[in-house]
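The chain is numbered in sequence order, starting from 1. Counting starts at 1 for both ligands and their atoms, following the listed order.
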Amino acid sequence: MSLWHPFTQMRGFAPIGEVVEARGAWLTLADGRRLFDGISSWWVTLHGHSHPRIVQAIAEQAARFDQVILADFTHRPAAELARRLAARMPGDLDHVFFSDDGSTAVEVALKMAWQGQRAQDPRRDTLVAMRGAYHGDTLGAMSVTERDVFSQPFNPLLVDVVFLEWRADAIQSWFQEHGHRAVACIAEPLVQGAQGMRFHDPALLRTLAEACQGAGAWLIADEVMTGFGRLGTLLACERAGVSPELVCLSKGITGGALALGATVCTDAVYRRFLGDRKLDAFLHGHSYTGNPIACATALASLALFEEEQTLARVAALEARYAAQAPALAALPGVTNLRFMGSILAFEVEGGPGGYFDPAGARVCDAALARGLFLRPLGNTVYLLPPLCTTPDELGWCLDVLAAAIQEA
Ligand SMILES: *Cc1c(COP(=O)(O)O)cnc(C)c1O
């Protein structure tokens with residue numbers, strides 16, 4: 001056996017099955033089973049698997065030209081995507097720097113903030129993040145992620161970061177006292193994903209944005225999971241009326257077909273890097289920066305938002321949650337049921353809690369036996385379906401979930 005699976009103890013591991021085809025929200029396995037992809041294949045799939053419009057964009061761009069070095073050349077897919085993304089962002093988020101995935105989009109934002117802020121004020125030396133955060137698995141991104149079982153072997157390698165509670169008084173008092181030393185604060189707007197789908201009041205995000213602004217610290221919105229309609233608006237920040245200095249994008253950016261990361265920044269951030277010396281530039285890049293096939297795919301995905309009225313679809317999914325959530329919340333063992341946009345989550349009572357709590361896995365196993373693929377976060381079970389899911393399909397998912405809870 002030579003294929004090493006992510007987040008997996010390989011000893012004794014057997015995959016659920018071999019995928020041979022995927023259409024819409026459904027996966028077909030070699031043994032003939034059809035499974036509903038209830039977590040959008042790790043939160044990436046938007047318009048459905050192998051959507052014809054996306055497949056066509058990949059084929060056409062691949063036939064025209066594939067990767068070319070972006071340091072010295074420009075090309076339409078990257079330039080057009082940068083222009084379209086900037087046009088859809090709030091405020092003056094006008095400049096787009098491409099990378100490979102969510103983690104690199106975060107690394108880029110952290111490095112941009114560090115270099116850009118210290119170019120003007122070298123006394124700023126503190127990175128701020130939120131308790132319960134997840135920002136990726138590379139060392140920089142891990143540094144601003146909640147220290148837990150995943151970071152534990154690597155803690156000595158991580159940089160010092162100040163972690164703040166999601167409470168208005170904690171945010172305000174820290175920034176009042178120490179804000180002048182803050183480079184930036186990174187946060188997942190409205191929903192903290194990987195640490196258990198924790199929901200936060202939009203007013204708290206506004207408090208954080210105001211505290212940052214008052215202290216001259218930059219707000220980095222990590223929209224890698226929440227972006228591209230997941231919560232009903234293109235960015236979650238829009239739902240809170242917040243306009244950050246930097247935004248990290250990935251996951252849904254290509255509709256879920258190809259890896260691509262983007263860090264979008266304001267003109268004020270961008271101008272910190274303009275100068276006569278090459279040393280003042282942002283000396284960062286990746287081999288595949290601005291990959292033309294990935295960018296063309298992202299353009300097709302953005303077009304689909306208009307053509308298929310994707311955000312209206314999310315509103316319909318949210319309405320379906322509202323209709324069926326009370327019955328689910330009333331089931332024994334279910335606590336803290338919540339939903340926003342396309343995401344529904346709850347905790348399963350009765351276990352020790354935390355990431356190794358088997359209670360969530362029991363519910364997900366029972367759902368899998370009924371054709372719904374889910375992946376728990378400890379005792380947190382959540383549904384995060386592709387945005388192409390129809391209200392009837394979502395109703396079926398919720399019925400399956402109810403049966404799975406009762407069985408588990
Ligand atoms: C998934 C995720 C990342 C990391 O993205 P990768 O593509 O897995 O590197 C970063 N931030 C958030 C909020 C995420 O959900």
Side-chain angles (χ1 to χ4, degrees), residues 5-8 39-46 97-113 127-148 150-151 154 158 161 163 166 184-200 205 208 219-231 234-237 239-240 242 244 246-264 286-289 291 294 297-298 301 340-343 345 355 375-377 380 382-384 386:
H5 291 258
F7 287 107
T8 301
I39 62 161
S40 299
S41 282
W42 255 345
W43 319 349
V44 301
T45 312
L46 300 185
F97 192 97
F98 288 116
S99 58
D100 298 342
D101 51 39
S103 299
T104 51
V106 167
E107 299 285 345
V108 165
L110 295 174
K111 286 177 73 175
M112 261 182 196
L127 286 172
V128 184
M130 306 309 288
R131 298 304 308 270
Y134 178 80
H135 296 292
D137 280 356
T138 53
L139 288 173
M142 250 185 144
S143 293
V144 287
T145 289
E146 174 79 54
R147 307 298 159 91
D148 60 9
F150 297 99
S151 67
F154 311 106
L158 305 181
V161 169
F163 287 94
W166 275 104
C185 177
I186 185 166
E188 294 153 273
L190 303 193
V191 178
Q192 289 183 300
Q195 292 279 349
M197 294 295 160
R198 303 184 198 183
F199 284 32
H200 298 291
L205 187 63
L208 182 63
L219 178 62
I220 304 170
D222 180 353
E223 296 255 13
V224 169
M225 187 278 279
T226 53
F228 296 100
R230 199 46 80 186
L231 297 180
L234 197 72
L235 297 186
C237 279
R239 207 165 162 148
V242 161
L246 292 131
V247 174
C248 306
L249 301 169
S250 187
K251 292 204 167 111
I253 190 170
T254 59
L258 289 172
L260 178 67
T263 306
V264 191
H286 300 275
S287 311
Y288 282 98
T289 296
N291 178 260
T297 309
S301 175
M340 195 192 298
S342 65
I343 305 176
Y355 188 77
R375 196 182 150 87
L377 294 160
T380 303
Y382 67 93
L383 197 54
L384 195 152

* Can you label the angle between the Trp42 ring and the Phe7 ring as parallel, tilted or perpendicular, going by 30° and 60°? => perpendicular
* Measure the spacing between CZ of Phe228 and NZ of Lys251 and express it to the nearest 0.5 Å. =>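 Between atom CZ of Phe228 and atom NZ of Lys251 there are 13.0 Å.
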Tell me, please, which residues at least two apart from [X] pass side-chain contact (heavy atoms from CB on, under 4.5 Å).
{"X": "Arg131", "result": "Glu146, Phe163, Glu165"}
{"X": "Ala113", "result": "Val183, Ala184, Trp218, Ile220, Leu246"}
{"X": "Ala236", "result": "Pro189, Leu190, Glu223, Thr226, Leu231"}

* Residue Phe97 excluded, over 12 heavy atoms near CZ under 6.0 Å ->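 Counting neighbours around CZ of Phe97, more than 12 heavy atoms of other residues, nucleotides or ligands fall under 6.0 Å, so yes.
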* Asked: With hydrogens left out, which residues have an atom under 4.0 Å from ligand 1, given that only heavy atoms count?
  ->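 Protein residues near ligand 1 are Trp43, Asp101, Gly102, Ser103, Tyr134, His135, Gly136, Glu188, Asp222, Val224, Met225, Lys251.
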